[in-house]
Amino acid sequence: MDELDYQLLELLQQGLPVCPEPYAQLADTLALSEQDLIERIQYLKKTGVIKRFGVIVNHRVLGYRANAMIVWNVPDAHVERVGQALSQIHYVSLCYQRPRKPGIWPYNLYCMVYGKDRETVLQQIDALIRRCHLQDFSYQVLFSTRCFKQRGALYPVLQTEKADG
Amino acid sequence: MALTALEKQLLNDFQHDFPLERRPYRAIAERLGVSEQAVLEAMQALHNQNLVHRIGSIIQVNKIGKSMLAAMAVPTSALTEVAEIINQFQEVNHNYERENSLNLWFVLIGENQSHLDAVVADIEQQTGFPVLQFPLLKDYFIDLGFELDLSDG
């Protein structure tokens, strides 16, 4: 990745313009050719820096008002299987393994479920417990009650990179 | 919220692998059998209604810099004040109150672990409460976007 890739990612964080030739417009901003810009996005996708490129919907405005983080205590021997299984469920967003905090926090697998309301989310969690055979594992459901801050990632890192470079 | 059939398709079907070609909206239009102008107008309407955050990229965690999930247990009476202190750090991304004794959860993004440690130490010092760090060990999720239930009613 070079400086232009960082600038490109930062531009993409603001979103693709809605006009007939949006890539040409971004390319102008970066003084790149349109072809070069498209190839850079393709490369960033191919190397996995860009995990997904497309329409990013606003769940909340679309009526998905309930959001729960579910944390599971899964024996280490099963975490791979359970992580793979959870990530296949269409209403699961994000599925991460994280370290336990002995004596404080026994949970090692995290996933996120969005739903139109609390009841729906709880039903979905019941369903995924059955489907992924999680009956024996302890878990907690952490609904979010207030959002204090939400914005796209990246800005501070980009600024750091620029300051260093 | 009454969405047209075209708006629903635009919301659901182009969350990943958005066309990477000179005229992406025309490519979408061809796939859906409508005009490019109709796609542009519908996409603009979705933006105007704030139903779309943006057409853009989701960056893979830890591919650029390092991210960290962090949590704190904060008395309810101090929560807003502590959240405001935390929000002032540019490294802080999401910051949510959640129903748990660990009731404040936020994501930090920094250059590397020592950068994150410095931010965490700063937060602890300014708020007076300890911060737990939960680094990512493994990401199981393949992000294909979000399957929306757009049935009316």
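Note on naming: letters A, B, ... go to the chains in the order of the sequence lines (proteins, then strands), and numbering restarts at 1 for each one.
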Is chain A contacted by the side chain of [X], its backbone, both, or neither, given a heavy-atom distance below 4.5 Å?
X	value
B:Leu104	side chain
B:Phe106	neither
B:Val39	neither
B:Glu36	side chain
B:Gln37	neither

Q: Begin with the C-alpha distance, continue with both residues' side-chain angles, and end with the deciding distance and a verdict on side chain to side chain contact (heavy atoms under 4.5 Å, CB included) for B:Glu97 and A:Ser144.
A: CA-CA 6 Å; B:Glu97 179 188 12; A:Ser144 76; over 6 Å; no
As an exercise, state the distance from [atom1] of [X] to [atom2] of [Y], rounded to the nearest 0.5 Å.
X	Y	atom1	atom2	answer
B:Leu11	A:Leu62	CG	CG	5.5 Å
A:Leu142	B:Tyr96	CG	OH	13.5 Å
A:Arg98	B:Leu132	CZ	CG	12.5 Å
B:Asn100	A:Phe143	CG	CZ	13.0 Å
A:Gln140	B:Glu99	CD	CD	11.0 Å
A:Phe148	B:Thr80	CZ	OG1	5.0 Å

(Q) As a quick check of understanding, evaluate side chain to side chain contact (heavy atoms under 4.5 Å, CB included) for A:Met112 and B:Phe141, giving each step before the final call. (A) CA-CA 11 Å; A:Met112 208 69 85; B:Phe141 187 65; over 6 Å; no
Q. Are B:Leu10 and A:Val55 side-chain neighbours, meaning at least one heavy-atom pair lies under 4.5 Å?
A. no
Q. Within a strict 4.5 Å, meaning less than it, do heavy atoms of the B:Asn95 and A:Cys147 side chains meet?
A. no
Q) Are A:Glu21 and B:Arg26 ion-paired here, with the side-chain N under 4.0 Å from a carboxylate O? A) no
(Q) Check this for me, if you would: do A:Lys45 and B:Asp17 make a salt bridge, where the nitrogen-to-carboxylate-oxygen distance has to be below 4.0 angstrom? (A)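 Looking at A:Lys45 and B:Asp17, the cut-off is met.
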Q: Could you check which of A:Ile104, A:Val92, A:Asn67 has the highest count of heavy-atom pairs closer than 4.5 Å to chain B?
A: A:Asn67
(Q) Looking only at heavy atoms and a cut-off of under 4.5 Å, which of A:Ile56, A:Leu12, A:Leu16 has the most pairs with chain B? (A) A:Ile56
(Q) The test is side chain to side chain contact (heavy atoms under 4.5 Å, CB included); show your working for A:Asn58 and B:Val52 and say whether it passes. (A) CA-CA 5 Å; A:Asn58 188 340; B:Val52 165; over 6 Å; no
Do any N or O atoms from the side chain of [X] and from the backbone of [Y] form a donor-acceptor pair under 3.5 angstrom?
X	Y	answer
B:Asn50	A:Val61	no
A:Ser87	B:Tyr140	yes
B:Arg54	A:Gln14	no

Can you name the nearest heavy-atom pair linking [X] to [Y], along with the distance?
X	Y	answer
B:Ser57	A:Leu9	OG-CD2, 4.3 Å
B:Tyr25	A:Val18	OH-CA, 3.6 Å
B:Gln15	A:Val57	NE2-CG1, 3.9 Å
A:Gly54	B:Phe18	CA-CB, 3.7 Å
A:Tyr23	B:Pro24	CE1-CG, 3.6 Å
A:Gly48	B:Gln60	O-CB, 3.0 Å

Q.
Tell me whether A:Lys101 forms a cation-pi arrangement with B:Phe134, defined as NZ or CZ under 6.0 Å from the six-membered ring centre and within 45 degrees of its axis.
A.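 Checked: cation-pi criterion met.
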Q.
Please determine whether the number of non-hydrogen atoms from other residues, nucleotides or ligands lying under 6.0 Å from atom CZ of A:Arg131 exceeds 12.
A. no
Q. Quick check: are there more than 12 heavy atoms from other residues, nucleotides or ligands sitting under 6.0 Å from CD of B:Gln44?
A. yes
Please flag which part of [X] lies under 4.5 Å from any non-hydrogen atom of chain B: side chain, backbone, both or neither.
X	result
A:Met69	both
A:Val141	backbone
A:Tyr114	both
A:Leu109	side chain
A:Asn108	neither
A:Cys111	neither
A:Gln84	both

Q) Please walk me through it: do B:Lys138 and A:Tyr96 pass side chain to side chain contact (heavy atoms under 4.5 Å, CB included)? A) CA-CA 6 Å; B:Lys138 180 146 190 198; A:Tyr96 294 149; over 6 Å; no
Q: Over 60° means perpendicular and under 30° means parallel, so classify the ring planes of B:Trp105 and A:Trp105, tilted if in between.
A: tilted
Q. Would A:Lys149 and B:Glu84 count as a salt bridge (Lys or Arg N to Asp or Glu O under 4.0 Å) if you check the C-alpha gap in whole Å, the side-chain angles of each, and the deciding distance to 0.1 Å?
A. CA-CA 9 Å; A:Lys149 188 175 190 180; B:Glu84 278 168 11; over 6 Å; no
Q. Is A:Leu30 linked to A:Ile50 within one hydrophobic cluster, defined over Ile, Leu, Val, Met, Phe, Trp and Tyr using a side-chain heavy-atom separation of less than 4.5 Å?
A.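 Cluster IDs for A:Leu30 and A:Ile50 match.
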Q.
Please say yes or no: joined through hydrophobic side-chain contacts below 4.5 Å, possibly via intermediate residues, are B:Val61 and B:Leu69 part of one cluster?
A. yes
Top of [options] for chain A proximity - count of heavy-atom pairs under 4.5 angstrom:
options	result
B:Leu136, B:Leu79, B:Asn103, B:Asn87	B:Asn87
B:Gln133, B:His47, B:Lys63, B:Arg23	B:Lys63
B:Arg22, B:Glu21, B:His16, B:Met43	B:Arg22

(Q) Counting only non-hydrogen atoms closer than 4.5 Å, can you tell me which residues of residues 36-44 of chain A sit against chain B? (A)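 Residues A:Ile38, A:Ile41, A:Gln42 are the ones that qualify, each having a heavy atom under 4.5 Å from chain B.
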